[in-house]
Amino acid sequence: MSTPQLEKTYDPKAVESRWYSTWSERGYFRASATHPGLPYSIVIPPPNVTGSLHVGHALNHSLQDILIRWRRMQGRNTLWLPGTDHAGIATQNVVEKQLMAEGASRESLGRERFIERVWQWKATSGNTIVNQQKQLGESCDWDRLRFTMDEGLSKAVLEVFVRLYEDGLIYRGERLINWCPRCLTALSDIEVEHEDIKGKLYSIAYPLEQDPSIALTVATTRPETMLGDTAVAVHPEDPRYNRFIGQRVRLPLTNRTIPIVGDSILVDREFGTGAVKITPAHDFNDFEAGERHRLPRLPIFDHQALLDLDALNTAGVEPELSTNIAGLTISKARPKIEQVLKDRQLLVKVEDHKMAIGKCYRCKTVVEPYLSPQWFVKIKPLAEPAIQAVEDGRIRIIPEGWVNNYLGWMRDIKDWCISRQIWWGHQIPAWYCETCNSGLFAKKVPIGASLTAHAFFTILQGATPIVARSAPTNCPTCGGNKFLRDPDVLDTWFSSGLWPFSTLGWPEQTPELKTYYPTSTLVTGLDILFFWVARMIMLGLKFMGDVPFRDVYIHALVRDAEGQKMSKSKGNVIDPLHVMDQFGTDALRFTLASMASPGRDIKLAEERIEGYRNFANKIWNAARFALMYLDGPRTEMPVAERSFPDRWILSRLNRTVEVVTAELEAYRFDRASSALYQFIWHEYCDWYLELIKPALQDPAHPDGPGTRQTLVDTLETTMRLLHPFMPFITEEIWQTIPHRGESIVIQPYPAPDNAGQAPEAEERFALLEQTVSLVRTGRVLLNYPPGQQIPFYVSHDDPSRHEQLRELQRYLGHLSRGTAEPAAQTVWPSTNLLRLVTEGLSVGLVVSGDVDLKKALDRIVKQQEEQEKEIGRLNGKLGNQEFVAKAPPEVIADHQNRLRGLHNDQTILASSERQLRAMLGT
RNA sequence: GGGCGGAUAGCUCAGUUGGAAGAGCGCUGCCCUUACAAGGCAGAGGUCACAGGUUCGAUCCCUGUUCCGCCUACCA
């Protein structure tokens, strides 16, 4: 029979798309609640529907695919559920940018047409990332692809919102929230990124109303907010100021006076001047202080964070100043106010000051605390069980280090602001009766807005919502039938928080839900631990009564080779698709897996991927080698009857199976990869294939049939072992070599087999390797070309080892390219011989021709020096009474043995040195 | 401010019941030896951040210091 031949180098492109479509067509990735086996399920962290695959996705998805393919091969009933996220603000921003380029805006389109437009954009770009995921080889059940805005998932969102509202866990209230003046929406606390900046600390004098010659000096980083001050606070126990409590100060630049209050929470006596201005409408601390002292709130910025003329007038700001700064941004207004204060000698000093500012995580605009009515989830009652679930181990977080992080955040969690003033998303199911709430619908046109900009619309605090699954027909209070729906939509994370059960059909009780919930593992990055993971746990426990997943595996962030965060603006992004095109998908996947060490970010450089491309090629060529020599009979023999190389490689393979499986169970993708790499390259290719060449190349060799069988068996098993990591090349090779079954995807994963263990063969191999390496070293020292056949002697101090050398004779000769002569050193020639020694093993290379022995002598001398040092160290330890008295006996024995061995080696080395010097004539 | 993680070969990183320092890449030398030059063979290279402590013995355990990351926080 003739065996198929492979190309000389592996060409990933020729292989990848072909196999992926085959796998899809045959439905290998399709899950069913009726499949046999213990369920194993993963829901994918849904990427942004209009995004494209970046290297962070590639890591996240590769790890999930490894787990899923591994479990599928183990016979589990696997489901990997894919999907995408509507990413409210981000997607809306993208479409708005497109509109802007066309000279339009979302306001000019109107809500309905705008949303249509976003759906269109989703239709055109939504498949991009899905196709890229397929290129990466992801074995998702694509028939179950979900999208957070799907009808079913939207129904789940509605259901959850209404039930939470009915349970009193959702409320609407006017609060100070984080507001992005560019996106024009509220953000939750965690959507704000903090950044340290060098700011200034301004000290401003506020004269006392009763005695303007005395002034309280307050310190602030935002002088412009003084216009909205409604009090000054001092510490009630501060002797410098507490006598002023109850008096009033004139608020400079306004016609107002404001009270001096005592507040021990807000005021830190050590900081600044010890007196604090209170601006309840523009600062979170001040808001709370305002609550404590029943202070009015005077906002002075509008929703675009511009100074607002009406508001300035309401705040009693001097008219001249008001007209001067109205409509300005904060950064433009600040110097003007600073100048006026300076002119009036109220600006006491300005110092440099380190501070943090918050930025919108989507657009990086500085966020403003902004007073507005919003929807909130009362979170404590939901957080409590979610803390429990992690504490009692129903959910494992891996690596464990993040547990405290999670618990700390959960214990100190704040109510979740879920309303967003955007259009793309799940609109809040709340309606307001127009009769009962008349006067509570406010419109506002931004200052300086273009004519196309429509009014900014708000439903004021105090309006009474009717929350329902569908629009109400009659008002339960007045019977009216005209309603206005709340214009806000929900935070995208509200819908992704339901992902593990909404995607399985909830609120219907589907077979899928029964079978695959709770899911087995969640694989995600640290950056969305709070955004997403925590919310899923809370909502899963609330609505399913059980955790959404058992294990949470948190992987690292992928950075560039310098450790910088990848970003488009820095231009240091590694495009996974480009890399896959250049080096092959398997190479990228294996690279990412091999670098996924817990608790450490991945610094990715292209050279690494290139290295694993080479690894793929190595595997490819091992397969080529096997195919080349496969002609001829093959015999399945009991392990004990196989040749030494066969017993050895089977033992090593078995060990590798054990290690890879155990490491995967521990989510140590890095160690699993390195075990595979080490085995395939440095044991299978470097040694095994070399060892068996004589048996394969001689058609009459007695070991031939058994060896060919072992060669195929081990290669086939190795391909299955490697398949979850490198799905494409393993399938291609597996299909080419003798195999049973239609695809490697659905073959059983190798299981460890104790019968394969051959400690005797492994021990023998260690001696073989040591001997061959020593001979090769001698070869290099003597400058013998690799091809030259050389005669050499071998011997060992240990008689049983010496006997093994005898048995290994032909392997030694073959691997060292020469003829091995096992013989006692007493019969070795006393001249023209280079003797090398290590750990009782001696080899002697015949010196012939005109060779420079200097290199050899240098090596011997250096080895002697090193060993001297080691002997000294061991002697020191063994001479130490305390060591001998307290160290365990086996350690002492080990030290003594090593010392004896070193002494023996030294004797031989000394004689070898003498011989060399004699030959050199020195 | 608080918390967490890291500091090991030129680079990127492994290394748990404390008992002779590892890998990959890079580097040097020799080889196109019919599986593979995307390769083979042989090498060089480390007081395991610093200072103490515990111990017969510390890269590993404890304390402190320095540097670098990340998370978190209302010091105006």
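Just so it is clear: chains get the letters A, B, ... in the order the sequence lines come, proteins before strands, and each one is counted from 1.
Across all strands, A:N617 comes closer than 4.0 Å to base atoms (heavy-atom distances). Among the atoms of the strands shown, none is found under 4.0 Å from any heavy atom of A:S594. Among the atoms of the strands shown, none is found under 4.0 Å from any heavy atom of A:P785. At the heavy-atom level, A:L266 lies under 4.0 Å from base atoms of the strands shown. Looking at heavy-atom distances under 4.0 Å, A:Y677 makes contact with sugar-phosphate atoms alone, never a base. Among the protein residues, A:R776 comes within range of the sugar-phosphate backbone only, with heavy atoms under 4.0 Å from sugar or phosphate atoms but none that close to a base. Using a 4.0 Å heavy-atom cutoff across all strands shown, A:G778 reaches no nucleic acid atom at all. Across all strands, A:S674 comes closer than 4.0 Å to no nucleic acid atom at all (heavy-atom distances). Within the nucleic acid shown, A:D268 comes within 4.0 Å of at least one base atom, counting heavy atoms only. At a threshold of 4.0 angstrom between heavy atoms, the contacts of A:F271 include nucleobase atoms, whether or not backbone atoms are also involved. Residue contacts shown for A:E690 include a base, since a base heavy atom lies under 4.0 Å away. Across all strands, A:K603 comes closer than 4.0 Å only to sugar-phosphate atoms, never to a base (heavy-atom distances). A:R668 comes within contact range of the sugar-phosphate backbone alone, with a heavy-atom separation under 4.0 Å but no base atom that close. A:H682 comes within contact range of the sugar-phosphate backbone alone, with a heavy-atom separation under 4.0 Å but no base atom that close.
Across the C1' atoms, B:rG52 and B:rG19 are found 23 Å apart, a figure rounded to whole Å. A gap of 25 Å separates the C1' atoms of B:rA37 and B:rG45, to the nearest Å. Of the P atoms belonging to B:rU47 and B:rG29, the separation is 24 Å, rounded to the nearest Å. Spacing of P atoms, B:rC75 relative to B:rG1, comes out at 12 Å, to the nearest Å. Only the P atoms considered, B:rC31 is 26 Å distant from B:rA23, to the nearest whole Å. The C1' atoms of B:rC25 and B:rG57 are separated by 35 Å, rounded to the nearest whole Å. The same atom, P, is picked in B:rA9 and in B:rG18; the two are 23 Å apart, to the nearest Å. B:rU34 and B:rG39: their C1' atoms are spaced 13 Å apart (whole Å).
Looking at heavy atoms from C-beta onward, A:F883 lies in side-chain contact with A:V891 at the 4.5 angstrom threshold.
Checked against the 6.0 Å centroid criterion, the rings of A:Y553 and A:F669 qualify as a close aromatic pair. Between A:W681 and A:Y677, the gap from one ring centroid to the other is short of 6.0 Å.
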- Message: As a quick check of understanding, evaluate side-chain contact (heavy atoms from CB on, under 4.5 Å) for A:L836 and A:Q863, giving each step before the final call.
- Response: CA-CA 10 Å; A:L836 298 173; A:Q863 194 185 356; 5.6 Å; no
- Give the C-alpha distance, both sets of side-chain angles, the deciding distance and a yes or no for side-chain contact (heavy atoms from CB on, under 4.5 Å) between A:M226 and A:I204. CA-CA 9 Å; A:M226 67 170 291; A:I204 307 169; 4.3 Å; yes
- Task: Begin with the C-alpha distance, continue with both residues' side-chain angles, and end with the deciding distance and a verdict on side chain to side chain donor-acceptor pair (under 3.5 Å) for A:H895 and A:K877.
- Result: CA-CA 9 Å; A:H895 278 55; A:K877 278 181 99 170; 3.2 Å; yes
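For residues 404-413 of chain A, the pairs satisfying salt bridge (charged side-chain N to carboxylate O under 4.0 Å, His left out) are A:E391-A:R411, with sequence neighbours left out.
Only one option out of A:F583, A:F615, A:Y612, A:W620 pairs with A:Y10 in a ring pair (Phe, Tyr, Trp, His ring centres under 6.0 Å); it is A:W620.
When Watson-Crick and G-U wobble pairs are counted only if both distances are under 3.5 Å, B:rG69 pairs with B:rC4. Across all strands shown, B:rG19 is found opposite B:rC56 as a Watson-Crick or G-U wobble partner, with both distances under 3.5 Å. Nucleotide B:rA9 is matched to nothing when pairs are restricted to Watson-Crick or G-U wobble geometry with both distances under 3.5 angstrom.
With the nearest nucleotide of RNA chain B identified for both A:P12 and A:R859, A:P12 has the one nearer the 5' end. Closest-nucleotide positions on RNA chain B for A:E839 and A:A275 were compared, and the one nearer the 5' end corresponds to A:E839.
Other residues, nucleotides and ligands contribute over 12 non-hydrogen atoms within 6.0 Å of the CD atom of A:Q789.
Of all nucleotides in RNA chain B having an atom under 4.0 Å from a heavy atom of chain A, the first and last in 5' to 3' order are B:rG5 to B:rA76.
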